[in-house]
Enquirer: 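One structure is given below, represented as structure tokens, and several questions about it will come after.
Here is the naming used below: chain letters follow the sequence lines, and residue numbers restart at 1 for every chain.
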Protein chains: 2
Amino acid sequence: MTHNSENFRSNCPINFVLETFGDKWTLLIVRDLMFKSKQYYGEFLKSNEKISTNILADRLQKLESSGVIKKAMDTQNKSKVLYSLTDKGKDLLPIMLEITSWSHKYDDKTNVPENFIKALSTNRASVISQTLSKLK
Amino acid sequence: MTHNSENFRSNCPINFVLETFGDKWTLLIVRDLMFKSKQYYGEFLKSNEKISTNILADRLQKLESSGVIKKAMDTQNKSKVLYSLTDKGKDLLPIMLEITSWSHKYDDKTNVPENFIKALSTNRASVISQTLSKLK
DNA sequence: CTGTATCCTTAGGGATACTG
DNA sequence: CAGTATCCCTAAGGATACAG
């Protein structure tokens, strides 16, 4: 992905991720794909944060055009579309894990399984490989 | 920080960071504090992304009330205010580093010193301690 | 220099109806 | 079920003037 003149603000790596993920919704879709094994449009709609259908469609498009996710036809059911992470999307996993750790530390309401947190601090590499192996 | 009813959407750790950092500006202030040694209002204003003064004031307030940054009077110059990261703010460093790696990998325009990237992959712990030691 | 305040415009996003 | 389309409103944010 290259910068387009529309949203280009700087050559900073922090700014670069903000151009794609600097909103309230986009990263939730990545989360659903990465940790919740969701693949279908309707499954994203059902998440707790209640994304609306027009926003979901918009973000799926943007994620696809930025190469973070890809679409495929469900071979079993032709009317269904399967969404999945590309390698670029999968590479967001370390960021997601650091976010999870930070929130777990600073938000008492954040709900993450204790054994996941423990595995993360003691055997991070295996958490990564296991998470990736579960992806569709 | 606890969730307030205003922006509460779920108990998900990913959502939790989005409630604070899910916009185009907030994380840039953290970046300036963490990597650019900026401490003054006017310095944030001068960043490449050109944040406007009302947005900057709003984000500084929100970051302070969420405990990520703190204010202090400049002892040399009473009319100046010094901003700095709290421990909670400093703990964002691993997230920032993962973001930097990802952007460096996927955006050819992203400008990060090569020796920083190399140090990050070969001696991450020392990058962390060195970055923290340079903080005001 | 460090903010506040105001005005104004645009983008984000909720609700909902509709289509294949 | 998987989206599109439309309507409408609010929040985000740019520009700029002003104040301590």
Side-chain angles (χ1 to χ4, degrees), chain A residues 4-10 15 18-29 32-33 36-66 69-84 136, chain B residues 4-10 15 18-29 32-33 36-66 69-84 136:
Chain A
N4 59 47
S5 54
E6 228 180 305
N7 60 11
F8 176 75
R9 301 192 295 181
S10 74
N15 183 65
L18 290 177
E19 286 173 3
T20 304
F21 301 103
D23 76 293
K24 301 277 185 208
W25 296 110
T26 306
L27 212 56
L28 297 179
I29 298 174
D32 285 349
L33 287 162
K36 315 240 176 192
S37 297
K38 297 187 181 181
Q39 320 181 70
Y40 299 113
Y41 192 91
E43 293 180 303
F44 301 124
L45 277 181
K46 281 178 205 140
S47 291
N48 288 332
E49 296 85 4
K50 308 250 168 284
I51 192 170
S52 57
T53 175
N54 53 339
I55 304 299
L56 176 58
D58 177 77
R59 296 306 189 275
L60 287 172
Q61 269 192 10
K62 286 180 175 164
L63 281 172
E64 192 191 6
S65 74
S66 66
I69 69 172
K70 56 183 188 294
K71 295 169 75 165
M73 288 302 151
D74 189 333
T75 50
Q76 308 301 319
N77 186 339
K78 302 265 186 152
S79 74
K80 284 203 162 190
V81 176
L82 278 166
Y83 293 94
S84 61
K136 320 284 176 171
Chain B
N4 60 46
S5 54
E6 228 180 305
N7 59 12
F8 176 75
R9 301 191 296 181
S10 75
N15 183 65
L18 291 177
E19 286 173 4
T20 303
F21 302 103
D23 76 293
K24 301 275 184 210
W25 297 108
T26 305
L27 212 56
L28 297 179
I29 299 174
D32 284 350
L33 287 162
K36 314 240 176 192
S37 297
K38 297 188 181 181
Q39 322 181 67
Y40 299 113
Y41 192 90
E43 293 181 304
F44 301 124
L45 277 182
K46 280 177 206 142
S47 291
N48 288 332
E49 296 85 4
K50 306 252 170 281
I51 191 169
S52 56
T53 175
N54 55 340
I55 304 298
L56 176 58
D58 176 76
R59 296 305 190 276
L60 287 171
Q61 270 192 8
K62 285 180 175 163
L63 280 172
E64 191 191 5
S65 73
S66 67
I69 68 173
K70 55 183 190 295
K71 295 170 74 164
M73 289 303 151
D74 189 334
T75 50
Q76 308 301 317
N77 186 338
K78 301 266 184 148
S79 74
K80 283 202 162 192
V81 176
L82 278 166
Y83 292 94
S84 62
K136 320 284 174 171

Enquirer: Tell me the interatomic distance from L56(B), atom CG, to dA5(C), atom C1', rounded to whole angstroms.
Expert: 15 Å
Enquirer: Starting from C1' on dC1(D), measure out to CD on E43(A) and report it in whole angstrom.
Expert: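 Answer to the nearest Å: 11 Å.
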Enquirer: Just by distance, do the side chain of Y41(A) and the backbone of T53(A) share a donor-acceptor pair under 3.5 Å?
Expert: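 Here the side-chain-to-backbone pair exists.
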Enquirer: Considering only side-chain heavy atoms of R59(A), which listed nucleotide, dG3(D), dG12(C), dT2(C), is closest?
Expert: dG12(C)
Enquirer: Using the rule given for side-chain hydrogen bond (donor to acceptor under 3.5 Å, both in side chains), can you reason through K38(A) versus S47(A), listing the C-alpha separation, both sets of side-chain angles and the distance that settles it, and then say yes or no?
Expert: CA-CA 10 Å; K38(A) 297 187 181 181; S47(A) 291; 2.8 Å; yes
Enquirer: How many Å lie between NZ on K46(A) and C1' on dG3(D), as a whole number?
Expert: 15 Å
Enquirer: Which value, rounded to the nearest 0.5 Å, describes the distance between D32(A) atom CG and E49(A) atom CD?
Expert: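 If I round to the nearest 0.5 Å, the distance is 7.5 Å.
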Enquirer: Would you check if L28(A) and R59(A) make a side-chain contact, meaning some heavy-atom pair closer than 4.5 Å?
Expert: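 Counting from C-beta outward, L28(A) and R59(A) never come under 4.5 Å.
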Enquirer: Whole-Å distance between dT2(C) C1' and Q61(B) CD?
Expert: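 After rounding, the gap between these two atoms is 13 Å.
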Enquirer: Could you tell me how far apart D23(B) (CG) and dA11(C) (P) are, to the nearest whole angstrom?
Expert: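 Spelled out: CG on D23(B) to P on dA11(C) is 17 Å.
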Enquirer: Looking only at side-chain N and O atoms, does W25(B) come under 4.0 Å of OP1 or OP2 in dA12(D)?
Expert: no
Enquirer: Return yes if the base of dT16(C) and the side-chain atoms of S52(A) contain a donor-acceptor N/O pair under 3.5 Å, otherwise no.
Expert: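 When only heavy-atom distances are counted, S52(A) does not reach the base of dT16(C) through any donor-acceptor pair under 3.5 Å.
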Enquirer: Can you check whether L18(B)'s main-chain N or O pairs, donor with acceptor, with K24(A)'s side chain at less than 3.5 Å?
Expert: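 A pair under 3.5 Å: yes.
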Enquirer: NA contact type, F44(B), heavy-atom cut-off 4.0 Å: base, sugar-phosphate, or nothing?
Expert: nothing
Enquirer: Could you tell me the separation between the CD1 atom of I55(A) and the P atom of dA11(C), rounded to a whole number of Å?
Expert: 14 Å
Enquirer: Whether the side chain of T53(A) and the base of dT4(D) hold a donor-acceptor pair under 3.5 Å is what I'd like checked.
Expert: yes
Enquirer: Nearest-Å distance, CG (L60(B)) to P (dT2(C))?
Expert: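 From L60(B) CG to dT2(C) P: 11 Å.
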Enquirer: Any N or O donor-acceptor pair linking the side chain of N54(A) to the base of dG3(D) at under 3.5 Å?
Expert: no
Enquirer: What is the distance, to the nearest angstrom, from the CD atom on Q39(A) to the C1' atom on dA2(D)?
Expert: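 Result: 15 Å.
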Enquirer: Between K24(B) and dG14(D), is there a contact of a side-chain N or O with OP1 or OP2 at under 4.0 Å?
Expert: no
Enquirer: What's the closest nucleotide to the side chain of A57(A) if the choices are dG14(C), dT4(D), dA5(C)?
Expert: dT4(D)
Enquirer: Is Y83(B) near enough to dG3(C) that one of its side-chain N or O atoms lies under 4.0 angstrom from OP1 or OP2?
Expert: yes
Enquirer: Base, sugar-phosphate, or nothing for K50(A), non-hydrogen atoms under 4.0 angstrom?
Expert: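 The residue K50(A) makes no contact with any strand.
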Enquirer: Out of dG12(C), dG3(D), dA2(D), which nucleotide sits closest to the side chain of Y40(A)?
Expert: dA2(D)
